[in-house]
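Values below: all heavy atoms of this structure, side chains included; hydrogens, waters and symmetry mates excluded. Chain A is the first sequence line, chain B the second, and so forth, proteins listed ahead of strands; every chain is numbered from 1.
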2 protein chains.
Amino acid sequence: MADSPLDDLQATLHREIPISAQMGITVAGYDAGRLTLQMPLAPNRNHKRTAFAGSLNALCTVTGWCLVYLLSRERQEFGDVVIRRSSIKFLQPVDGDVITATTEQLDPALLDYFAEMLLEKGQAKLDLRVEVPGIDGPAVCFAGSYVVLESRLLDGVGE
Amino acid sequence: MADSPLDDLQATLHREIPISAQMGITVAGYDAGRLTLQMPLAPNRNHKRTAFAGSLNALCTVTGWCLVYLLSRERQEFGDVVIRRSSIKFLQPVDGDVITATTEQLDPALLDYFAEMLLEKGQAKLDLRVEVPGIDGPAVCFAGSYVVLESRLLDGVGE
């Protein structure tokens with residue numbers, strides 16, 4: 001029986017980014033275009049028993065990466081996904097036993113443009129936001145700029 | 001025999017942020033006000049055998065954190081160091097076996113102001129830059145905004 005796209009994504013994540021398994025990052029759900037990943041606090045804690053900023057940043061980074069990976073696979077495009085830049089704000093300490101990060105709802109017009117570029121040019125860029133929920137609002141706000149590149153184009157990244 | 005400040009920092013880092021030990025992050029040197037941390041590629045690789053963006057972000061985050069920690073201890077202030085926000089640019093793939101991140105040289109006037117605020121207000125903010133070197137220029141540029149707070153003030157963070 002074929003794996004579901006989320007099972008495939010989960011296996012891909014731990015195979016391609018091994019430290020994500022050490023952090024306990026798993027795919028929690030994909031609903032109405034919004035992808036949620038989660039990780040336990042325990043291995044990602046700091047001395048104040050809240051989440052380490054670097055782990056929160058990594059969780060948000062891979063949540064965005066996974067969404068772009070899913071979106072490109074849904075369109076039968078199998079290029080590599082890389083992140084070009086990101087920014088993050090830590091608004092509240094994060095102290096739940098399980099920490100979730102969810103991508104924002106994307107504008108359908110942006111998604112259409114992403115798919116069009118991927119098909120026509122073999123590469124496409126997607127800017128997206130990821131949030132870790134807190135009390136009465138986000139605890140962490142992350143924005144990342146990702147690109148999908150066909151493997152033949154990938155050697156040029158960053159040059 | 002008392003530990004050196006860098007030995008103390010190294011022990012503090014792995015005790016207070018356990019995932020930094022899983023990533024293999026260690027304190028590599030502190031020279032002329034510039035602090036260098038390093039990590040091996042192997043546990044932090046992605047499927048392309050270059051460094052995972054989330055690990056690079058975590059390395060830069062803790063490098064800045066460690067510098068602010070050192071600076072506050074040098075001034076006999078023992079508040080908690082937290083990061084408020086950061087941004088990062090990934091300019092080149094990072095594929096060395098050992099990856100280093102170094103803080104920029106800080107303006108002495110900024111450092112004086114940091115020390116003054118810490119002494120007078122019990123809290124101080126420091127914006128700093130961290131770089132991972134690449135070929136003919138930085139591979140990764142990180143900017144973080146950190147604060148040091150006396151423990152009695154810390155409950156207010158993020159509220």
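Note that CD of A:E16 is 8.0 Å distant from NZ of B:K48, once rounded to the nearest 0.5 Å. For the atom pair CG of B:L71 and CD of B:E74, the computed distance is 5.5 Å after rounding to the nearest 0.5 Å.
Contacts of B:T61 with chain A are made by side-chain atoms alone, with heavy-atom separations under 4.5 Å and no backbone atom involved. For chain A, the nearby parts of B:S86 are the backbone and the side chain; heavy atoms of each come within less than 4.5 Å. Interface remark: B:N57 contributes side-chain atoms only to the contact with chain A (heavy atom separation under 4.5 Å).
Chain A is approached within less than 4.5 Å, heavy atom to heavy atom, by no residue from residues 99-116 of chain B. Proximity to chain B among residues 17-36 of chain A is limited to A:I17, A:P18, A:I19, A:Q22, A:M23, judged by heavy-atom separations below 4.5 angstrom.
The backbone N or O of B:V82 lies less than 3.5 Å from no partner atom in the side chain of B:W65, so there is not a single donor-acceptor pair.
Heavy atoms of other residues, nucleotides or ligands lying less than 6.0 angstrom from CZ of A:R85 number 12 at most.
The side chain to side chain donor-acceptor pair (under 3.5 Å) test applied to A:Y69 returns A:T12, not counting sequence neighbours. By the ring-ring contact (aromatic ring centres under 6.0 Å, His included) test, B:F52 pairs with no residue at all, sequence neighbours left out.
Put simply, the side chain of B:L13 reaches to within 4.5 Å of the side chain of B:C66, judged on heavy atoms. A 4.5 Å side-chain heavy-atom check between B:Q92 and B:I135 finds at least one atom pair inside the cut-off.
Hydrophobic clustering (side-chain heavy atoms under 4.5 Å, transitive across Ile, Leu, Val, Met, Phe, Trp, Tyr) groups B:V68 together with B:L6.
A:S145 and A:D127 are linked by a side-chain donor-acceptor pair at a separation below 3.5 angstrom, with hydrogens and angles left out of the test. Under the 3.5 Å distance criterion, with hydrogens and angles disregarded, a donor-acceptor pair is assigned to the side chains of B:N46 and B:T50.
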